[in-house]
**Q** 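Below is one structure. I have some questions about it.
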Amino acid sequence: MANKVKINIKKVAELKPEERLEWRRNYLTRKTARKTAHNERARDRITNLRRTLRKATEAKDTAKATQTLKELHSALDKAAKVGIIHKRAAARRKSRYSASVKAIAA
């Protein structure tokens, strides 16, 4: 039979004040790192879609530009919903990208 190891984990409420502060500091550091990574991924997605849209408009590829514009609108809306970018900034960008696609379609 294997040795039974008893692990004793203290609850946060049972910690001393200085231990609780250290625990909270570490917790917030981990949380911030997760949020930062998520926000960077969302911004990178918007940047890549914007780059794809620009190349499609330069090549006057209307089909690819409209498909990319649809994906870009979705990405901007999602980013604005969770606060990665401001909702008015998202609306402004959507308007400008739509105008660029409309210009090659005409």
**Q** Following the transitive rule for hydrophobic clusters with a side-chain heavy-atom cut-off under 4.5 Å over Ile, Leu, Val, Met, Phe, Trp and Tyr, establish whether I9 and V5 coincide in one cluster.
**A** yes
**Q** Using a strict threshold of under 4.0 Å (side-chain N to carboxylate O), is an ion pair present between K87 and D77?
**A**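 Answer for the salt bridge query: no.
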**Q** Is the closest side-chain heavy-atom distance between L76 and Y97 below 4.5 Å?
**A**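 In contact.
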**Q** Please check if the side chain of E19 supplies one atom and the backbone of K16 the other of a donor-acceptor pair under 3.5 Å.
**A**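 A pair under 3.5 Å: yes.
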**Q** Quick one: OG on S74 to NZ on K78, what's the gap to the nearest 0.5 Å?
**A**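 The distance works out to 4.0 Å.
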**Q** Among residues at least two apart in sequence or on other chains, which ones pass salt bridge (Lys or Arg N to Asp or Glu O under 4.0 Å) with K81?
**A** none
**Q** Rounded to the nearest 0.5 Å, what separation is found between the CZ atom of R93 and the OG atom of S98?
**A**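 Spacing of CZ (R93) from OG (S98) equals 13.5 Å.
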**Q** Mind listing the closest non-hydrogen atom pair of L53 and A65 along with its distance?
**A** CD1-O, 3.4 Å
**Q** Residues in salt bridge (Lys or Arg N to Asp or Glu O under 4.0 Å) with D61, at least two apart?
**A**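 For D61, no residue satisfies salt bridge (Lys or Arg N to Asp or Glu O under 4.0 Å) once neighbours in sequence are set aside.
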**Q** Any pair with a residue in residues 31-60 that passes side-chain hydrogen bond (donor to acceptor under 3.5 Å, both in side chains), sequence neighbours left out, goes on the list, sorted by first then second residue, please.
**A**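 Those involving residues 31-60 are N48-R51.
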**Q** Could you state the interatomic distance from CG (L28) to CZ (R24), rounded to the nearest 0.5 Å?
**A**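 Here the interatomic distance stands at 4.5 Å.
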**Q** Would you check if L69 and K94 make a side-chain contact, meaning some heavy-atom pair closer than 4.5 Å?
**A**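 Sidechains of K94 and L69: no contact.
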**Q** Measure across I104 and A56 and return the closest heavy-atom pair with its distance rounded to 0.1 Å.
**A** CD1-O, 4.5 Å
**Q** Taking the side chain from R20 and the backbone from A13, do they hold a donor-acceptor pair closer than 3.5 Å?
**A** yes
